[in-house]
Amino acid sequence: MKRKSPAESAFFNPRFLVGFILCLIGAVLALLGFGLLAGGSASAQGPNQNQGSSGVEVGASYQNDVSPPMRDVPPWSASGLKPQHEANENPKVPYRHKDSADPVIQKTSVSIRNIVAPNVPSPLLNFDGIPFPGVGCNCAPPDTNGAVGKTQYVQIVNEGYQVFDKATGNSVLGPNSISSVWTGFGGVCETSGSGDPVMLYDHLADRWVISQFAGASGGPITDECVAVSTSADATGTYNRYGFHLGTNFFDYPKLSVWTDAYYMSMNVFNAAGTSYLGPQAFAFNRTNMLAGLPATFISPTGPLGGSVDPFLPADIDGPTLPPTGAPATFVGFPGQAFNPNYTTYHFHVDFATPANSTFTTFATPPAAGFTALCPTTRSCVPQAGTSSRDNLDGMGDRLMFRAAYRNFGTYESVVSNYSVSAGGVAGVRWFELRNVTAGPVTVFQESTYQPDTTWRWMGSAAMDGQGNLAIGFSASSSTINPQLRYAARLATDPLNTLGQGEAHLFDGTGSQTGTSNRWGDYSALVIDPVDDATFWYTNEYYSASGSFNWRTRIASFKLASAAPTPTPTPTPVPTPTPTPTPTPAPTPTPTPTPTPAPDFSLSITPSSVTVPRAGGTASYTVTIAPTGGFNSPVTLSVSGLPDGATGSFSPNPATSSSALTITVSSSTARGTYPFTVTGTGGSPPATRTTTATLIKAARK
């Protein structure tokens, strides 16, 4: 959901003229600065060098606390419903791309065969999610996305969220408003949350991450509100944070999980929303946010310039972490006018010494040519039973959420997608980049999926633990109402093809009218962290034609037939030419299932201990569970304790368990204090965490 820009024409607005001149100067400086970073390649897009001596800016959470349990927050009431309204069209990213022939459209023979006899399996679970009005938003579009954890699936829309039991699809909590997560927090996070929400599951820490942006009434979006659960239960308490990003209009936030931070991309405009200033990257202090401590963010100073295309941060899937010390990766949309490429950025963040942080262009692997979708009006996707004035927003100027990262051990992979025009209709261009952190970065495969005359767009891509890939998307045409579908490929299928065909997840029975032609903004395909094989997808549809009555759907499906194991890496084919020749399917060489690397996990019991008002001691047991033959001692530490409280372990280091004793003085303020136990051990050193709660009883 986006705030409105001023109604007056930009061509007669003096502020726009001044802003345009300043942006033009900034773009020239950015291009000159980029030459220092990437050898002056005219096809690459690099960070703006006009960033001061440190090259970064540092901001702090202006407020943080711990929420009440979400299960105890009063349910949403219709009395909190906002006036019905249409969410504005996203401020427009400048269109520079030069259309060209698409050399990677999936072969007609493969598409026809898969349409006649698809192999892709049907959904396992398939159920309705949050319906309009989205719990308080009373707006369109819903910006549907969600995440899956060990036992729960959480869906989020403008401006509500709901928790489901992932085994049955039954609701566990909600729907409730996103603003209810910030009940009692105060400020714009509680009173002026404005949507563009993202829900993530941090499977590295077994936590949930909720975010949406906010801004003062009548002003630009300037703040990001982020909440991190204190446990694996999405209905429990959250560490809440408010971050003020600046005075510009910060649009389209997309968050990701990396080992050292939560990363975010933003498309930044001037405060009026009339001038694109470029994308901007942010890194939030994940360690502190998991512990409920005050947190900072680090960002390259200001947006990167109006000539730089939007990008997405890579989001980790799977149990294998990136190489030790690997930088977070951002991947850019190939919207360049000449030599379009997937500009790959590296963000090295250092919260201890922020001036050591760097954001640089690492590689510029070329993207195959394409024709832009809806480059001038955006609203070009037809629906059954409506006129062209109700065509849907194609969102063809950016990568679609997420950029899914996976480390297979012998190589790294990032997959994502965007919408293009192919054969006169919308198609899904998907791609896989290899070795994004260490290099050399290559386009291992890419293809445009456009098998017939149906329009397919608004996709989301992910891989399972075997390297099988799926893409969920919207589908529509002048003869069908918008539908939800997915297509897939096995790791053993020929490269550059969705060789398993397509399945219908849910067929809508209505078309959208009005609502400023908005549709989605994004959808979300995620992978189950338990089996690393089950895909979960959510998107929107209409059950009856009209305005402001969208519905959402959630479904799961699985491509892998057994427990996932890494598959051999087929040799990539050369970059396709305008007339590609058939490429035979690679024959993978079987390899034995690799032995899991030595590792360990931490747990703590009990989960909560209360000490009396006069102080005393709280006793916990920390258990170390080794896997893969891990037999090293683990050094333990505790963080997040209140003033006047200290912790000690016996023994420390430990190999199987350790007694944690927290001594609390009488001067410690009453309250509930989540704390984190961190264990480090092994070679190379691995770090794992677990959390519990200390309660100081109230004085009588």
(request) List the steps, then state whether side-chain contact (heavy atoms from CB on, under 4.5 Å) holds for Asn114 with Leu498. (result) CA-CA 9 Å; Asn114 290 339; Leu498 297 178; 5.8 Å; no
Pair Thr538-Trp536, side-chain contact (heavy atoms from CB on, under 4.5 Å): steps then yes or no: CA-CA 7 Å; Thr538 185; Trp536 291 79; over 6 Å; no
Intermediate values then yes/no, side-chain contact (heavy atoms from CB on, under 4.5 Å), Phe370 and Glu446:
CA-CA 12 Å; Phe370 64 92; Glu446 67 177 326; over 6 Å; no
What's the verdict on salt bridge (charged side-chain N to carboxylate O under 4.0 Å, His left out) for Arg96 and Asp309, showing C-alpha distance, side-chain angles and the deciding distance?
CA-CA 9 Å; Arg96 294 177 298 273; Asp309 289 304; 2.7 Å; yes
> Does the pair Met463 and Phe408 meet the rule for a side-chain contact (heavy atoms from CB on, under 4.5 Å), with working shown?
Replying inline: CA-CA 11 Å; Met463 272 186 173; Phe408 287 97; 4.0 Å; yes
(message) Before you tell me yes or no, could you show the steps for Tyr262 and Asn285 under side-chain hydrogen bond (donor to acceptor under 3.5 Å, both in side chains), namely the whole-Å CA-CA distance, both residues' side-chain angles and the distance that decides it to 0.1 Å?
(response) CA-CA 7 Å; Tyr262 294 124; Asn285 192 325; over 6 Å; no
Using the rule given for salt bridge (charged side-chain N to carboxylate O under 4.0 Å, His left out), can you reason through Arg688 versus Asp599, listing the C-alpha separation, both sets of side-chain angles and the distance that settles it, and then say yes or no? CA-CA 9 Å; Arg688 300 292 178 261; Asp599 201 354; 3.0 Å; yes
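Proximity of Leu490 to Leu559: side-chain heavy atoms (C-beta onward) are separated by under 4.5 Å at one or more points. In this structure, the side chains of Leu255 and Pro313 stay at 4.5 Å or more apart for every pair of heavy atoms. Using a 4.5 Å heavy-atom cutoff, the side chains of Met458 and Asp393 are not in contact. Side-chain contact between Glu432 and Leu469: absent, with no pair of heavy atoms (C-beta onward) separated by less than 4.5 Å. Taking the side chain as every heavy atom from C-beta outward, Pro310 and Val93 approach each other to under 4.5 Å. Here the side chains of Met264 and Phe284 are in contact, with some heavy-atom distance below 4.5 Å. For the pair Arg485 and Phe473, the minimum side-chain heavy-atom distance is below 4.5 Å. The shortest distance between side-chain heavy atoms of Phe297 and Leu245 falls below 4.5 Å.
Taking the six-membered ring where the residue is Trp, Phe282 and Phe250 present perpendicular rings, their angle passing 60° and hence far from 30°. Using the six-membered ring where Trp is involved, His346 and His348 have ring planes that are perpendicular, over 60° apart on the 30 and 60° scheme. Aromatic ring pairs are classed by plane angle as parallel below 30°, tilted from 30° to 60° and perpendicular above 60°; the pair Phe330 and Tyr263 is perpendicular. The aromatic rings of Phe359 and Phe311 sit tilted relative to each other, their planes meeting at an angle between 30° and 60°.
Note that NZ of Lys254 and CE of Met400 are 8.0 Å apart. Values are rounded to the nearest 0.5 Å. Between the OG atom of Ser122 and the CZ atom of Phe557 there is a distance of 11.0 Å, given to the nearest 0.5 Å. The distance from the CD1 atom of Ile156 to the OG atom of Ser211 is 7.0 Å, given to the nearest 0.5 Å. For the atom pair CG (Asp102) and OG1 (Thr371), the distance works out to 7.0 Å, reported to the nearest 0.5 Å. Taking OG from Ser416 and CG from Leu399, the interatomic distance works out to 4.5 Å, rounded to the nearest 0.5 Å. To the nearest 0.5 angstrom, Gln483 atom CD is 8.0 Å from Ser476 atom OG.
The nearest pair of heavy atoms linking Asn468 to Ala491 is OD1-N, 2.9 Å. Taking both residues in full, the closest heavy atoms of Ser299 and Phe347 are given as CA-CZ, 4.4 Å, listed atom of the first, atom of the second, then distance. For the residue pair Val308 and Tyr345, the shortest heavy atom distance occurs at CG1-OH, 3.5 Å. Summarising the geometry of Asp99 relative to Ala372, their closest heavy-atom pair is OD1-N, 3.0 Å, with the distance given to 0.1 Å. Of all the heavy atoms in Asn496 and Gln445, the pair that sits closest is N-OE1, 2.9 Å. Taking both residues in full, the closest heavy atoms of Leu204 and Ile316 are given as CD1-CD1, 4.2 Å, listed atom of the first, atom of the second, then distance.
Between the Tyr153 side chain and the Ala555 main chain, no donor and acceptor come within less than 3.5 Å of each other. In this structure, Arg402 contributes its side chain and Ala524 its backbone to no donor-acceptor pair below 3.5 Å. Here the side chain of Asp315 pairs a donor or acceptor atom with the backbone of Val257 at under 3.5 angstrom. Under the 3.5 Å distance criterion, the side-chain polar atoms of Glu57 are left unmatched by any main-chain donor or acceptor of Thr301. Under the 3.5 Å distance criterion, the side-chain polar atoms of Ser421 are left unmatched by any main-chain donor or acceptor of Ala426. In this structure, Asp317 contributes its side chain and Tyr405 its backbone to no donor-acceptor pair below 3.5 Å. In terms of modelled atom types and a separation under 3.5 Å, the side chain of Ser460 and the main chain of Leu525 share a donor-acceptor contact. Side chain of Ser447 to main chain of Thr497: no donor-acceptor pair is present (N/O by atom type, distance under 3.5 Å, no hydrogens or angles). Looking only at distances, a side-chain donor or acceptor of Asn145 sits under 3.5 Å from a matching main-chain atom of Pro197. A donor-acceptor pair under 3.5 Å is formed between the side chain of Gln336 and the backbone N or O of Asn341.
The aromatic ring centres of Tyr486 and Phe535 sit 6.0 Å or more apart. Checked against a 6.0 Å centroid threshold, the rings of Tyr522 and Tyr252 count as neighbours.
For the pair Asp528 and Lys558, the salt-bridge criterion is not met [side-chain N within less than 4.0 Å of a carboxylate O].
If you check the side chains of Tyr95 and Thr376, you find no donor sitting under 3.5 Å from an acceptor. A donor and an acceptor atom, one from each side chain of Ser111 and Gln106, are located under 3.5 Å apart.
Remark: Arg434 qualifies as a cation-pi partner of Tyr411 under the 6.0 Å distance and 45° angle criteria applied to the six-membered ring.
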